[in-house]
Structures are given as structure tokens and as C-alpha cells.
Amino acid sequence: MSIGSLNAKLEAFFAQNSFDEPHLVIDLDQVEVNFNNLASALPNALIYFAVKANPASEILSRLKNLGSCFDAASIAEIKLCLSLGIPASQISFGNTIKKENAIAEAYKHGIQSYAFDSHEELLKIARSAPGSNVYCRVLVDCSGADWPLSHKFGCSPVMAKELLSQSVTLGLYPTGLSFHVGSQQTKISQWDNALGQIEKLYKDLKNEGIELSTLNLGGGFPTAYNADVPSISQYGEYLSSSLKKHFGDNVPKIIIEPGRSVVGDAGIIEAEVVLVSRKNTEDEKRWVYLDIGIFSGLAECLDEAIKYPITIVGKETDTNLGPVILAGPSCDSVDVLYEKFNYDLPLDLKPGDKIRIHATGAYTTTYSSIGFNGFPPLNSSCI
Ligand SMILES: *Cc1c(COP(=O)(O)O)cnc(C)c1O
């Protein structure tokens, strides 16, 4: 689907519905296409959808019907999945930072698989989810990612090895390692670097009698925003050959945890222009203030990390354009969306014009505040 030209279903929805406040519309069929593309690019991988990317019930139910498993970050996400009839055996508790009572509650609900990256967290799991499956998150290089998950998660491979052997002593079952190369990772070679760092761990632990059955490659698969990104099938081919290179005939069972790549391009936000102005009469660049900003769903515009394609309803996007600075409506100067990265919008743009922000299905509704300055949270419809 090329940017700006919507499919018939979305066209019909927008023709029949108008919104006073910014609204996200998710095309569930596109979610399905994205899931199936990932599944065919990595046919041997088990897919755990990262619930945090977009936890709309309709999305989770559609993915459940397609055979997806789910990676949850909190007890609330776990309960949401369970309430939709997703079996506990298909849900992992993938956050390495959990309250012990959340672990106990997840265990009570039958969750069997827990992530950790520290000795202290392992002790919590051993106490409150005895006999469970555990996997250790390893710290890897996230450079090249537009939204790096950086150094907050994971431990060194050496520490991972120690902790995984300790987990056995604690009565737990170590299943493998996980890593995340950073979200919107367009440098595919980062996976190869990570695999190069950890393959030896599998061999070393096997020599100690601990056979790790799985390897979790995390998320990071991209959504196509403005820049050209490699296709999901290219990621699949690259990862398959990298796994073969490092593990030969002993490739563990592969898990991936995609979030953005499943829902990103399935969503479009329709919002409104509130004000078009200049700071100086001679300024070429106009300031365009929208009714949506950093605090109402577009948090990934911080540092202009994610550059969403933007179109104006009913206007050409290739003629009579001029440069703009885009900003949100709140009384906080952080609430500027794009200033360095140049967007060109129609010269006759005016308050009340409807604007569409494309590929906004991931990390928008969940990132919107509940009412900063009295602006409402981002609502959504799944169609
Ligand atoms: C956020 C997250 C994901 C999803 O990452 P994407 O880049 O959106 O695919 C997967 N796994 C874990 C542990 C995460 O925290």
C-alpha cells in the first residue's frame, strides 16, 4: 500500500466516520498480512507478539487465531491475554524487571516462562515461580536502531552463562538466551554480531551438561516509514544464514518477539491542524501545531527518532508545498515533533484541515498520556 492511497476498507471507514479528537484506525487485515510475512520469512520460528506495541483486544484476538504466542511485560498484559482465551502456555513474562508479587500471580495463572538478566531477579523467580522455565537476556549492541533499547536490559554473556548454570541449582529450567538488537533496527548485521557473541555459550553450557533448547532473537524488525528498509523476507534470509553460520546443524528452536513490524503499518492516525503561524514575518518555515503531540501518542517523535509519513486529507502532497516545523498542542516545549527533519506541507494549510499520520499502529495508544493539559488519550478503532 503506497503512502497516501488508502485501501477501500480504510477509505470507507474514514468517509463514514469523523472524529473531534485524534483517532487511530487499525486495519486488522494488514496485521494479518504482516504476521504471515514474518511467519513465512522465518518458517521455523515461534512468534511471540510483543503485547506492548499495541494491546488492542481485536489485534490480540486476530493474532491468537493465526497461531501467535504473546510476550507480556506486566501482570496486566498477562491478564489481558488470558481474558481473551489465550492459554497461559502461549504467554511469556518477558520483562526482566518484575515485582515479586507479579511473578507469584503470573505463576498462579499458569505462566511457565520468565525472562531475567540478573542474579537478584533469578532468586525472585526461584522463590515465587518454582520449577519454571527461565531464559537470560544478554546485552547486545543496539546501534543502528532508530529506537534503541540500549543498555537498560541484559547482562554480559559471561554473566549469562553463570546465571543459567545457577538457575539449575535453584530448581529452575534454563531454556535459552534472548536478546534485542533495538527497535526499528535497519542494520541487519546487528543480529549476526549478537549471534557471534553468544553461540559459544550454547557450546560451553552443553559441555557442562546444560542443553539450552531455544534462542530468542527478540524484536527489532522494521516498519517501512519514510526511508527504504530491507523487506521482512530479506531479514528472514539473512537470519537463517547467520544462524546456520554460527550454529551449523545445531540451530536451537528459534523464537522471535516482533511488535512494531506486526502492527506499525496497519495503523493510521487522523488528527487536525490547530494553528499555522510564523515567529517572524520573513520566516520561510511555518509552525504547524496539531491536536496530537509527544504526550498524546507520538512519543516516538522524541529526538525525531521515528519519522512518520504525513498526508493532508483532500490536498495534493506533491505541489504547492513549503517547509514546516510540526508541533503538538500542549504547553510543554518538549512537544515539538519535527524541527530538524524537514517536512513540506501545502502552502494553503489552515486550522481545521485533517492530517493523516501513517504507519502509527505501534507504540502510540499505549504511549499517550491520560490527560496532560486536559488533552484526551489517543482512542482507536480496529476494522
Ligand atoms: C519491546 C520489545 C519487543 C518488541 O520490539 P519491536 O522492536 O517492536 O519488534 C520484543 N521483545 C522485548 C523483550 C521487548 O521489550
Side-chain angles (χ1 to χ4, degrees), residues 26 31 34-35 37-39 41-42 45-56 59-60 63 68-74 76-78 81 90-98 106 111 113-118 121 133-155 160 175-188 190-191 194 214-225 229-230 232 235-236 239 254-267 299-300 305-306 308 359-367:
I26 295 281
V31 172
N34 293 341
F35 180 90
N37 281 345
L38 275 164
L42 287 159
L46 214 48
I47 302 181
Y48 280 70
F49 174 63
V51 175
K52 74 174 191 278
N54 193 323
I59 294 177
L60 302 183
L63 291 173
S68 186
C69 297
F70 297 85
D71 184 55
S74 66
E77 283 187 355
I78 288 173
C81 290
Q90 287 174 24
I91 305 168
S92 57
F93 202 165
N95 194 339
T96 53
I97 305 151
K98 302 176 282 300
I111 304 300
S113 188
Y114 299 81
F116 71 94
D117 63 5
S118 67
E121 188 74 10
N133 295 330
V134 288
Y135 57 102
C136 187
R137 180 144 167 197
V138 182
L139 189 60
V140 297
D141 186 1
C142 291
S143 59
D146 286 342
W147 194 258
L149 300 165
S150 73
H151 53 279
K152 179 172 170 185
F153 307 102
C155 61
T175 54
L177 294 175
S178 72
F179 60 84
H180 197 304
V181 292
S183 200
Q184 187 71 8
Q185 179 56 269
T186 49
K187 200 170 146 196
I188 308 191
Q190 287 298 34
W191 273 273
T214 60
L215 171 58
N216 182 329
L217 306 180
F221 308 100
T223 284
Y225 298 106
V229 295
I232 291 299
Y235 277 76
L239 290 179
I254 297 300
I255 287 175
I256 56 170
E257 293 175 340
R260 186 185 304 279
S261 55
V262 177
V263 289
D265 70 353
E300 290 198 319
I306 299 293
Y308 300 110
T360 39
Y363 305 117
T364 48
T365 49
T366 39
Y367 273 168

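In each ligand, atom 1 is the first atom listed, and ligand 1 is the first ligand listed. Residue numbers start at 1 and run along the sequence shown.
The side-chain contact (heavy atoms from CB on, under 4.5 Å) check on A160 picks up C136, V138, C155, L177, L201, with sequence neighbours excluded. For R260, the salt bridge (charged side-chain N to carboxylate O under 4.0 Å, His left out) partners are E300, not counting sequence neighbours. With sequence neighbours excluded, the residues forming a side-chain contact (heavy atoms from CB on, under 4.5 Å) with S143 are D141, K187, Q190, listed by chain and number.
Under a cutoff of 6.0 Å and an axis angle of 45°, K98 and F93 form a cation-pi pair.
Under a 3.5 Å cut-off, the side chain of D71 and the backbone N or O of A50 do not form any donor-acceptor pair.
For the side chain to side chain contact (heavy atoms under 4.5 Å, CB included) test with I47, the passing option among L38, L63, L42, I254 is L38; the others fail.
For ligand 1, the 4.0 Å heavy-atom shell takes in A50, K52, D71, R137, H180, S183, G219, G220, E257, P258, G259, R260, Y363, ordered by chain and residue number.
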